[in-house]
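See structure below.
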Amino acid sequence: NTALGLFADKGYHATSISQIAKEAGISKGLIYNYFESKEDLLTELFNEYIKLSISIMNPNNDDEITTEEMESFFDLLKKSLIEKNEYWILFSQLSLQKDVFNHLLSKMSSTEIILKHQKIIQKYFAERFDNYETEAFFFISLIKGFSIQYAFAPEMFPDKLVDDFFNKIKKLYIKEKIKI
């Protein structure tokens, strides 16, 4: 948690293992008992973020996003942005650091999970929209854009504005499957 807070606040490159240990009130050696490097610590935090984001989209982990799950996704996302704000800040920062982000993806145990999750999202849209690839891309872009803005400046978004945003996006993307 200390590493997460420091990485989110100061950035990955600007945070040292010494700072993490000092802030956590432990020795550097103790950190190295659990993690081989700062990079391994970051990889673990990134894996936790991936698990968090997947759990809000497909909470029962059944490889299908139902209409009901999509509806609850927006409430869970809003809750997560408030309660797990540091994860969202860190992910946003890392996604803009191509070298670090690509390295994380290459080392992650969750790479397969991410690809599987992307397929599940595509399936939801394919079952509900004619132009599903464009709709899925637009949906993901809206969610990422809002998440980045909210993560860094939640005070800029009054509750009514946030609720209006989610109500609007729900109207766009909560649909029953198309009958064939």
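Only a predicted model underlies this, so the values are computations on that prediction, with no experimental measurement involved. Note that these values count all heavy atoms, side chains included, but never hydrogens, waters or copies made by symmetry.
Ile89 and Tyr87 are not part of a single hydrophobic cluster, where members link through side-chain heavy atoms under 4.5 Å apart. With hydrophobic clusters built from ILVMFWY side chains whose heavy atoms lie under 4.5 angstrom apart, Phe91 shares a cluster with Leu42.
Here the side chains of Phe7 and Leu45 are in contact, with some heavy-atom distance below 4.5 Å. Using a 4.5 Å heavy-atom threshold, the side chains of Gln19 and Ser16 count as touching.
Between the side chain of Gln93 and the backbone N or O of Ala8, at least one donor-acceptor pair lies under 3.5 Å. Listed for the Thr67 side chain is a donor-acceptor partner under 3.5 Å among the backbone atoms of Lys175.
Remark: the Glu69 side chain and the Asn60 side chain contain an N/O donor-acceptor pair separated by less than 3.5 Å. In the model, Glu39 has no side-chain atom that pairs as donor or acceptor with a side-chain atom of Tyr12 under 3.5 Å. No side-chain donor-acceptor contact under 3.5 Å links Asp75 and Ser72.
Looking at every heavy atom in both residues, Thr2 comes nearest to Ala24 through OG1-CB, 3.6 Å. Of all heavy-atom pairs between Ile20 and Leu41, the closest is CD1-CD2, 3.8 Å. The two residues Ser27 and Ala21 come nearest to each other via the heavy atoms C-CB, 3.8 Å.
Atom CZ of Phe157 is separated from atom CD of Glu155 by 9.0 Å, given to the nearest 0.5 angstrom. Between the CG atom in Leu172 and the CG atom in Asn167 there is a gap of 11.0 Å [rounded to 0.5 Å]. Atom NZ in Lys38 sits 10.5 Å away from atom CG in Leu6 (nearest 0.5 Å). The CG atom of Leu142 sits 4.5 Å away from the CD1 atom of Ile169 when rounded to the nearest 0.5 Å. To the nearest 0.5 Å, the span separating CD1 on Ile65 from CD on Gln122 amounts to 10.0 Å. Between atom CD of residue Gln118 and atom CD1 of residue Ile140 there is a gap of 7.0 Å, rounded to the nearest 0.5 Å.
Pairs engaging residues 19-39 under the ring pair (Phe, Tyr, Trp, His ring centres under 6.0 Å) rule: none recorded [sequence neighbours left out].
Just one residue in the list Met57, Met70, Glu135 forms a side chain to side chain contact (heavy atoms under 4.5 Å, CB included) with Tyr124, and that residue is Met70. Looking at His117, Lys119, Lys123, Lys116 one by one, the single match for side chain to side chain contact (heavy atoms under 4.5 Å, CB included) with Asp63 turns out to be Lys116.
Between Lys168 and Asp164 there is no salt bridge, since none of the side-chain N atoms of the basic residue sits less than 4.0 Å from a carboxylate O of the acidic one.
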Report, one line per pair, each donor and acceptor closer than 3.5 Å where one atom sits in a side chain of residues 76-83; sequence neighbours left out.
from  : atom 1 : to     : atom 2 : distance (Å)
Lys78 : NZ     : Asp163 : OD1    : 2.6
Ser80 : OG     : Trp88  : NE1    : 2.9

Donor-acceptor list for residues 145-154 side chains, cut-off 3.5 Å, not counting sequence neighbours:
from   : atom 1 : to     : atom 2 : distance (Å)
Ser147 : OG     : Ile143 : O      : 2.7

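Under the 6.0 Å cut-off for aromatic ring centres, Tyr173 and Phe125 qualify, their centroids lying closer than that.
Other residues, nucleotides and ligands place no more than 12 heavy atoms under 6.0 Å from the NZ atom of Lys28. Heavy-atom neighbours of Asp99 CG from other residues, nucleotides or ligands within 6.0 Å: above the threshold of 12. Annotation for Asp130: atom CG does not count as buried by contact number, only 12 or fewer foreign heavy atoms lying within 6.0 Å. In Phe165, the CZ atom is crowded: over 12 heavy atoms of neighbouring residues, nucleotides or ligands sit closer than 6.0 Å. With a 6.0 Å radius and a threshold of 12 heavy atoms from other residues, nucleotides or ligands, Glu64 has its CD atom above the threshold.
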Margin query: One pair to check against side-chain contact (heavy atoms from CB on, under 4.5 Å): Lys51 and Glu48. What are the steps and the verdict?
Written below: CA-CA 5 Å; Lys51 290 175 190 172; Glu48 289 301 312; 3.6 Å; yes
